[in-house]
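Worksheet for the structure shown next.
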Amino acid sequence: YNTRAGGESGRVHSPVRRRFEEGDPLIVEGMQELAGNCDRAAAALEAGDVRGFQAMLRRNFELRRSMYSDAAIGPRNLKVWEVLTARAMVAKSSGSGGAFVCMRAE
């Protein structure tokens, strides 16, 4: 975690919230899928389904990237994600500060 990499989250989340409230299909459908993925990820963990859990981590990052944009995720976080995935890791950013949740891909 890098305290210098963090930022004011409202700057990133406010535009997405506005788009959600305006009914932007990319955001509304993406948020609905994210919510379902949380349930599926929890069920996968409870069942010991590592691949299922990893699929939800991958999809979480893909959805966030599509809704928030590469600029919002940030070049440093994208580079970390690229390095991790190139080394057979499944990874997702957990927010500002450069913290990631990752595990070796199976």
Side-chain angles (χ1 to χ4, degrees):
Y1 181 78
N2 181 345
T3 57
R4 291 178 288 147
E8 198 278 301
S9 64
R11 183 173 40 97
V12 172
H13 294 291
S14 293
V16 174
R17 180 180 178 144
R18 180 185 39 77
R19 290 173 60 196
F20 179 85
E21 291 169 347
E22 292 171 353
D24 181 328
L26 175 70
I27 304 302
V28 171
E29 292 168 15
M31 290 297 179
Q32 290 170 340
E33 186 176 346
L34 278 175
N37 283 355
C38 290
D39 294 337
R40 287 186 287 280
L45 280 175
E46 290 171 0
D49 178 5
V50 173
R51 288 194 175 119
F53 181 72
Q54 291 175 341
M56 295 302 97
L57 283 181
R58 280 188 197 95
R59 187 63 183 145
N60 178 286
F61 187 83
E62 292 167 358
L63 285 167
R64 288 179 50 93
R65 190 173 186 182
S66 72
M67 291 186 293
Y68 284 84
S69 80
D70 285 357
I73 292 171
R76 178 178 268 161
N77 284 336
L78 289 171
K79 182 64 176 174
V80 170
W81 181 81
E82 289 168 1
V83 167
L84 290 169
T85 57
R87 286 163 176 76
M89 301 293 282
V90 177
K92 73 164 281 328
S93 170
S94 61
S96 65
F100 274 76
V101 173
C102 60
M103 62 190 301
R104 181 160 300 282
E106 287 199 4

Side-chain polar contacts of residues 37-44 - donor-acceptor pairs under 3.5 angstrom, sequence neighbours left out - could you list them?
{"from": "Asn37", "atom 1": "OD1", "to": "Arg40", "atom 2": "NE", "distance (Å)": "3.4"}
{"from": "Asn37", "atom 1": "OD1", "to": "Arg40", "atom 2": "NH2", "distance (Å)": "2.5"}

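- The hydrophobic side chain of Met56 is isolated, with no ILVMFWY side chain under 4.5 Å apart from it.
- Apart from Phe53 itself, the hydrophobic cluster it occupies contains Leu45, Val50, Leu57, Val90, Val101, Met103, where clustering links Ile, Leu, Val, Met, Phe, Trp and Tyr at side-chain heavy-atom distances under 4.5 Å.
- Each salt bridge (charged side-chain N to carboxylate O under 4.0 Å, His left out) pair with one or both residues in residues 54-66, not counting sequence neighbours, appears once here: Glu33-Arg59, Arg59-Glu62, Arg65-Asp70.
- Remark: Arg51 pairs with no residue by the salt bridge (charged side-chain N to carboxylate O under 4.0 Å, His left out) rule, at least two apart or across chains.
- Cluster annotation: Ile73 is not connected to Leu63 through the hydrophobic network of ILVMFWY side chains, with a link wherever side-chain heavy atoms come within less than 4.5 Å.
- Applying the side-chain hydrogen bond (donor to acceptor under 3.5 Å, both in side chains) criterion to Glu82, with sequence neighbours excluded, gives no partner residue.
- Not counting sequence neighbours, the partners of Phe61 by the ring pair (Phe, Tyr, Trp, His ring centres under 6.0 Å) test are Trp81.
- In this structure, CD in Gln54 is found 14.5 Å from NZ in Lys92, a value given to the nearest 0.5 Å.
- Of the options Asn77, Leu78, Val80, a side-chain contact (heavy atoms from CB on, under 4.5 Å) to Ser93 is made by Asn77 and by none of the others.
- For Asp49, the side-chain hydrogen bond (donor to acceptor under 3.5 Å, both in side chains) test picks out no residue, with sequence neighbours left out.
- Applying the side chain to side chain contact (heavy atoms under 4.5 Å, CB included) test to Arg87 and every residue at least two apart in sequence or in another chain returns Val83.
- For Arg17, the side-chain hydrogen bond (donor to acceptor under 3.5 Å, both in side chains) partners at least two apart in sequence or on another chain are Glu21.
- Here the OH atom belonging to Tyr68 is positioned 10.0 Å from the CZ atom belonging to Arg19, to the nearest 0.5 angstrom.
- Partners of Phe100 by ring pair (Phe, Tyr, Trp, His ring centres under 6.0 Å), not counting sequence neighbours: none found.
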Quiz: residues 25-32 side-chain donor-acceptor pairs under 3.5 angstrom, not counting sequence neighbours:
none

